[in-house]
Amino acid sequence: MSLKDVLMPFTAWGNLFKTPVTIKDSRNVEAAPRYRGFHMNDADKCIGCGTCEEICQNAAIDLVEVAGYEAKDGDSGLRPMIDYGRCCWCALCVDVCTTQSLRLTNEYKWISSDPEDFRFVPGVDEKHWNNRTEGYTKMDGYDLYSTQRVEMGELHAEERDKSFVEMIKGYSLEQAQKEADRCVECGICIATCPAHMGIPRYIEAVRHGDMEEGLRILYETNPLPEICGRICTHKCETVCSLNHKGDALSIRWLKRYIADQVPAERYKEILGTDKIVKNGKKVAIVGAGPAGLSAAHYLSLMGYQVKVYEVQEAPGGMTRYGIPEYRLPYDMIDKDIDYIKSLGAEFQFGTRVGVDVPLETLEKEYDAVFAATGLHLGRSTRVPGSDHKRVYQAIDLLRDVSYGKEIDLSEKIVVVGGGNVAMDITRTIARLQNKKYGKVGVTATCLEAEGSMPADDEEVIEAREENATIDPGWGPQEIIVENGEIKGLRVAKCLRIFDDEGRFNPTMDMENQKVFEAEMIVESIGQGMDISYTDNIKEKLTFGPRGRIQVSPDFQSDIPWLFVGGDIIEGPDVIHGIANGHKAAKGIDKFLKGK
Amino acid sequence: MFTFNEDRSLFPRHDEKGKPIVDVESGQFTKIWQGPIHPGMTGNMSLELTIQGDEIMDCVTHVGYLHRGFEKLMERRRFIQCFPICVRVAVPEPDFNEYCLASTIEELSGIEVPEAANWMRTLLLEMSRLQSYLAQMGGQGSSFGLGLIGQWTIWARDLVLDRFEEITGGRIYHMHMPPGGVRSLLPAGFVGRMNETLDEISAVMEEVERVLFHNSVFKKRAIGLGYIDPNWVDEYGITGPNARAAGVAKDVRKDNPYLMYDRLDFDVHLEYESDVFARAKVRYRDILTTIDLIRQILPQVPTKGEFMAEVPNVLHWKIPYGETYKRAECTRGEYGYYTVTDGSGYPRRINVRGPSYTHAVTLMEKMAINLNIADTAGVMSSLHTYPPEVER
Amino acid sequence: MKEIVNRLKEKFPVTAEIYQRDDLTFVTVEKKYGVDAVAYLKEYEGFTHLVLLTAVDWLEEGEFQLTYLLNNPKAKHDIGLRVRIDRETAEMQTAHHLWPAVTTYEQELNEMFGISFPGSPRQGHRFILDEAWQGPPPYRRDFDTKKYSEETYFPRPGRSKIDPSEHMKKKLYPEGM
């Protein structure tokens, strides 16, 4: 023990002359900008997907109904309520939030004598920190699931623009499982899917590698998975919660993956449809398109004897005669439909109901009739010159291609229209021209401006990759005919399409005109229906807007034995047709059981 | 060096195994319960002491006041959900839990962590070590009545916590190392502020050096107190500064380098007296080393680039069958996680190896014998134990 | 590492070996050789530091796995010695004579997993749990902590759970599909 050890501690007195480090008023200390304090939710941005609830390891979050937010497409209308008796402020809810609406502010002081106060809906309930901008948010570069979809293999533009080989290659098992892994299982998509398919469940089946279970889930609501897995308009993907901060899940490709994996001969065994007990009742279906096929499938399963009347030579409707082979190969259509045939549904082709067989005959011979005849009449632009013989309807040409007929091509062709059908015919023509002339000379034009074309974006992009010219934003004025030959299409710049009341009434800038050179014009501005087979019973039916027959939620018309569905009622697209057919099948079952 | 007092040899009588034979009924002994609010440690733990006069004849450690069953809770949670829980196993030093858990999960699912994340983790672990040592240093002083040390070091620790708050948004539970990487890199201007903080802490440490280590009271009480025989190190599973003060060079950072430690320059400090004073000295030098390490790390932490590996969707993250053990050097010794997975989305078993497990129970019970009851707090704080890691 | 395992194999039948990392190996031996193998590794192979001793409940297989994780401080190697024991009888030889610290591990395993180590000093004495605990060993996997807490404690009233997709179905297409 030295004297130094006795004296040294007294050096602590030196601190007497230093400024104290004590904080005078600790109540007003601002927390760091990243502080994990109280929750704040941008309730308008939030979609109520419930991922925050799912990840919370303390079970502190419940989704609740709140005033002012209703369930709608892409939004459950629910908002998270947080119980601060359980929360540990780990901020995993912030990290996992699909819309990035949830964050933590750097406020940490809150006094209340009522314990119930501490269970609140952030962003909806008025709190004194709601205006704070600082606090914990998810950093860029940090993600708890992949925000990028697994690339789908495609044929290169050079390979595909000469052939009608399917251009989308399909996922491998590894790719499919990686993509399926991205799903957060919120189920927001189910409501938007017209058929309300069990999307999160079949994606889970892909994750588990159980394609048989996946197929069973698909067939609960959709009897055309090969078709839908390729050309569905995938409204589910537009509302996918992952779409908010990254790519939407490839729901359509995953559906296709399941169907592609199961060989057709195993369907009956997997789906348990080896033996169907017939109930002795008969239903006639008019039209072998998606709606008719869907109804035929579900009615057959219920035990009805079903016969489908189809005017064309093969089943599939628009999927076969409207969609080019490179998007939907015919053997895939056959795979879906052969299974429906194997359930006992009969088909009679080349028969036009109302001409070859009157509707009255069907009424007499069957217990109920389901009419799903679709939209097969092309609409004309009716501009001067549109009655020329070298002006075609896209839908007619596509049908001819499907039948393998030779198309009378020209080197320069203009397509009028900006929807998916217009893109289909444009790309089909591009392929045919490439085969015949070794070069592409097709231009598509439409009223809608770039970016607001009704066709899917990828269709437009891919059409351009295949060297077709897409020049949107022009309104056709006249088809120039010289010496009986078409010389071109004169167009004017389209300023707006709808008037102030929202009606279709395009305004053109007549000063700004140009001519697309062409020897042949294809019109693709929409299709109309032909329901002349109902002419004799017209007075008993009610018609809604645009000449559509009015039906009940079961798709029953005012004539009890007549059910109507598909594109002539809703859509037009495949998945609505499938949903209609399924609902109509249930409606028919209800109607016939009640009789 | 510790020597037995002549008078003490009368009692207790020892059995052939060297354990005192204490007959409580004889009326010569008093049984007292020290704890669960105990001056010798952070957290709650009790010592059941049998004393004669003021001398301890027998000691049994009782834990269970902080048992929340974290290991079991983690078996019922997804891998990502374990990460906010595990930090609670060691309140004053939670980052080691985060690191060990994350690295076992990464190893079992074959995830490569980006280098920037490894630098961040190294930095966070060293900052955590610094604040934990500072708290211990204060406790060590206070347990001998030198409350001033605690006032200084706890303030210094608060400065470190301020820096933690800047990076992670939390002061105590940082939750910054999810499996796969870290949640963010450093905020703007952090390096400058951290360097200032280190300057302030260095100044505090100089004062602590004068006032604690050149203090006749502390020296008189701490030198020779709480002797740990170097032979006990393996027997009792002693690690960390407790082993290093007994002259056994044990430091996971050197022995099994993890993260970025093989790229850093530092020494392992040894003392040989193995008493409370020696352990305090080892810790004091470790603090200086840690300050130096943080100064080495700071310029090397990338300011941009990838800091999170691509992980499977955390909502259905499954890990195939496997088991592994990962360790890190915390302020008290070897901290480790033994993780077993079974192919499901949940861990089959997670076992936390906290250094306190042996320090606070078997070792403390042995060291308490023949100790003056007034010294228990000093000895316990020199072992630096946290009861939650005993009971998890 | 490989040589150590080979030498161990000469002495005891090793049923499985996993080389997890360069410095970490797991080996499995039969129950009757368990403690002897641990003692061998400690005395002859320099694995003098007991890192941990714990159990894993393989409920579906009706077995407990005991893991003795040993460290060789000189070679900086770890070896995890695994022993499978029957879950019904749940008994294992004690190893407390090798390290005093094992007493605590065995006491905890006895309490939390219900594995008994005859001869170990503190078997049957409470360690972590409350004296009043009447339930089964809580770390066994068939003890459901959630169920226990739901039965023992009361939930906070007024909480409700709404599933987004069910809610959307109710609101947007109640007729279903």
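Because the structure is a prediction, the values reported are computed rather than measured.
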**Q** Step through the shown structure and confirm whether more than 12 heavy atoms of other residues, nucleotides or ligands are within 6.0 Å of CD on B:E112.
**A** no
**Q** Measure across B:R392 and C:Y139 and return the closest heavy-atom pair with its distance rounded to 0.1 Å.
**A** O-OH, 3.3 Å
**Q** Is B:L363 close to chain C through its backbone or its side chain, or both, or neither, when contacts mean heavy atoms under 4.5 Å?
**A** neither
**Q** Flag the one option from C:V51, C:T103, C:L50 with the top tally of heavy-atom pairs under 4.5 Å to chain B.
**A** C:V51
**Q** Which atoms of B:P387 come close to chain C, meaning under 4.5 Å heavy atom to heavy atom: side chain ones, backbone ones, both, or neither?
**A** neither
**Q** I would like to know whether B:R353 and C:L53 meet side-chain contact (heavy atoms from CB on, under 4.5 Å); could you show each step before the answer?
**A** CA-CA 9 Å; B:R353 196 261 183 218; C:L53 161 58; over 6 Å; no
**Q** I need the residue from B:T358, B:D255, B:V390 with the largest number of non-hydrogen atom pairs under 4.5 Å to chain C.
**A** B:D255
**Q** Which region of B:V63, side chain (C-beta onward) or backbone (N, CA, C, O), has a non-hydrogen atom less than 4.5 Å from a non-hydrogen atom of chain C, or is it both or neither?
**A** both
**Q** Starting at CZ of C:R21, measure out to NZ of B:K326 and round the result to the nearest 0.5 Å.
**A** 5.0 Å
**Q** Counting heavy atoms not belonging to C:D22, are there more than 12 under 6.0 Å from its CG?
**A** no
**Q** Output the residues of residues 38-47 of chain C for which the shortest heavy-atom distance to chain B is under 4.5 Å, in residue-number order; output 'none' if no such residue exists.
**A** none
**Q** Atom CD of residue position C:E88 - does it have more than 12 heavy atoms of other residues, nucleotides or ligands inside 6.0 Å?
**A** no
**Q** Give a yes or no on whether a salt bridge exists between C:R140 and B:E75, defined as a side-chain N under 4.0 angstrom from a carboxylate O.
**A** no
**Q** Heavy-atom distances under 4.5 Å only: say whether B:T324 touches chain C with side chain, backbone, both or neither.
**A** both
**Q** Who in residues 64-75 of chain C is close to chain B, using a strict under-4.5 Å heavy-atom cut-off?
**A** C:Q65, C:T67, C:L69, C:N71, C:P73
**Q** Rounded to the nearest 0.5 Å, what separates atom OG1 in B:T362 from atom CD in C:Q107?
**A** 9.5 Å
**Q** Can you tell me which portion of C:F127 sits under 4.5 Å from chain B's heavy atoms? Options are side chain, backbone, both or neither.
**A** both
**Q** Using non-hydrogen atoms only, which part of C:D57 is less than 4.5 Å away from chain B: side chain, backbone, both, or neither?
**A** backbone
**Q** Return yes when atom NZ of C:K32 has more than 12 non-hydrogen atoms of other residues, nucleotides or ligands closer than 6.0 Å, and no otherwise.
**A** no
**Q** If you take all heavy atoms of C:L52 and B:Y338, which pair is closest and at what distance?
**A** CD2-CB, 4.0 Å
**Q** From C:T104 OG1 over to B:Y236 OH, what is the distance, rounded to the nearest 0.5 angstrom?
**A** 9.5 Å
**Q** What part of B:T61 lies closer than 4.5 angstrom to a heavy atom of chain C: side chain, backbone, both or neither?
**A** neither
**Q** B:K366 versus chain C, heavy atoms under 4.5 Å apart: side chain, backbone, both or neither?
**A** neither
**Q** Nearest heavy-atom pair of C:W99 and B:D234: which atoms, and what distance?
**A** CD1-O, 3.2 Å
**Q** Between C:R141 and B:R348, is there a donor-acceptor pair closer than 3.5 Å when you use the side chain of the first and the backbone of the second?
**A** yes
**Q** With a 4.5 Å heavy-atom cut-off, do B:H67 and C:M112 have their side chains touching?
**A** yes
**Q** Hey, does B:N256 have a side-chain heavy atom less than 4.5 Å from the side chain of C:H77?
**A** no
**Q** What is the minimum heavy-atom distance between C:A55 and B:R349, and which atoms define it?
**A** O-NE, 2.5 Å
**Q** Rounded to the nearest 0.5 Å, how far apart are CD of B:E334 and NE2 of C:H49?
**A** 4.0 Å
**Q** Find the distance between CZ (B:R327) and CG (C:L24) and round it off to the nearest 0.5 Å.
**A** 8.5 Å
**Q** In terms of heavy-atom pairs under 4.5 Å with chain B, which of C:I18, C:D78, C:L59 leads?
**A** C:D78
**Q** Which atom pair, heavy atoms only, marks the closest approach of B:K72 to C:P138?
**A** NZ-O, 3.0 Å
**Q** Scan side-chain atoms only and decide if C:E108 and B:Y357 contain a donor-acceptor pair under the 3.5 Å cut-off.
**A** yes
